[in-house]
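Here the structure is laid out as structure tokens; the discussion comes afterwards.
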Amino acid sequence: MAEIAQDSGGGGHKKGPGVKKQARKDARVDMTPMVDLGFLLITFFIFTTTINSPKAFKLNVPDDSAKDEEQTQAKASGAFTVLLSKSNHVYYYEGQLQSDGSNFKSSNFKEIRNELLRKKASTAEKDLVVIIKPNEEANYKNVVDMLDEMQILEIKRYAVVDIAEGENALIMITEGKSPTPAAGGK
Amino acid sequence: MSKLNKIARKSTWVDMTAFVDVSFLILTFFMLATKFKPPEVVNIDNPKSVSSEKVEDKDVFKVSFDKEGRVFVSFSADKDGREKAQLTAEVLGRQKGLGLTPAEISNFIKFSSGGIGVPVNQLKSFLGLSDTEYKAFKQPGIPVSDTLNNQLNDYINALLTGTGGRKPANVMLNGDNATTYPYFKNILSAFKKNGIFSFKLITAMEGVPSGTPLYKTQQTQGGKAAE
């Protein structure tokens, strides 16, 4: 291009006085709209991105139809039963429930971890089994939290079992008398 | 001479090139990192867990339940998921005598990526809805609370009959925090009845509390997640 222009100017000679110098075009481009567009798209992608991607929590449940003799028997001494009730209340007892309910205790999600740790430390690993019994008013979050607690405490043997009538009655009595978990059950 | 005496006017022009470079770099990052949320008809608040396993999105059969206890089934939108959705619709229609037309079955496949939560007897009229009607329609949920009429069982049974007993690779449960336990139990019992005992619960991530056995294990394993 430049060569052609020079040729027309007269074979490399200087331009005459009447011929104006061509104004140098600025090579700069106004980038502002491009930046605007760029940031608009960034904003869009930021809002649509799911940063906290969900995680999968594996759960295996036993086959209920298995015959009684095939089912795993829990040693009473190593059993730790956690009962879940409404508004995040947690109750527990160790071993078998006494008929007078004397070993039935009230707790909450914070304290239960210490209780489980204590139980885990004092029991042989093959004997320890945690039984989780949610009642009708417990919610899904409580159940998953409890299962998660098993992961956190590395308790290998645990089961989710339906609550027994007598246990539920104890919860009802406790909640009727003392609605706060801190007050402690009978 | 006169030119030299003049104070040089500073240009107000700012060089935006670097700015553009950075903005497009960020843009590229977000474009590549983005995974669009699949459209959901239900709003579910998942519980948290320390699990760090990624949720698979291929060949998924998902059962969702919201805080009102409405139960939905959904299939992933990939090839396996669509195939299983089709088989489920065909078998369910045959078993229950719904007489589903091919158009209704293709609607089942389409809606199944968002969630289907209607009792079996309402399924035919539900599948007649258009896309916009589907989004606006408040689905009652699949009834599960009655053990004799646990219709989730029918859906799962139709799925397994259709595939000839081949289970979906990923059976997921997507539950809301506030759902009460009996719904969860009934959903599990519907699965157990059909011989599915292994699930993945969809949860939000949570840090492992320090000082706990799992935390210590992770520390000794060099931050590798224990399973």
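Letters A, B, ... are given to chains in the order of the sequence lines, protein chains preceding strands, and every chain is numbered from 1. Note: hydrogens, waters and symmetry copies are ignored here, and every other heavy atom, side chains too, is used.
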Margin query: Does either side chain, that of B/Asp176 or that of B/Asn46, offer a donor lying less than 3.5 Å from an acceptor on the other one?
Written below: no
Note to self: Under a plain distance cut-off of 3.5 Å, with no hydrogens placed, do B/Thr180 and A/Asn139 share a side-chain donor-acceptor pair?
What the structure shows: no
Margin query: Under a 4.0 Å threshold between the charged nitrogen and the carboxylate oxygen, would B/Lys84 count as salt-bridged to B/Asp59?
Written below: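 A salt bridge links B/Asp59 with B/Lys84.
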Only counting residues at least two apart or in another chain, list the ones meeting salt bridge (Lys or Arg N to Asp or Glu O under 4.0 Å) with [X].
| X | result |
| --- | --- |
| B/Lys200 | none |
| B/Lys58 | none |
| A/Asp145 | A/Lys141 |

Pick one of side chain, backbone, both or neither for [X], based on which atoms fall under 4.5 Å of a heavy atom in chain A.
| X | value |
| --- | --- |
| B/Phe65 | side chain |
| B/Phe199 | both |
| B/Lys185 | side chain |

Notebook entry, point to check: Which pair of non-hydrogen atoms, one from B/Met172 and one from B/Val60, has the smallest distance, and what is that distance?
Noted result: CG-CG1, 4.1 Å
Item checked: Neighbourhood of chain B inside residues 113-121 of chain A, taking heavy atoms under 4.5 Å as contact -> A/Arg113, A/Leu117, A/Lys120
Check: What residue, out of B/Val171, B/Val50, B/Thr17, B/Ile202, has the most heavy-atom pairs lying under 4.5 Å from chain A?
Finding: B/Val50
Checklist line | Matching residue for A/Leu147 among A/Asn142, A/Ile152, A/Leu59 - test: side chain to side chain contact (heavy atoms under 4.5 Å, CB included) | finding: A/Leu59
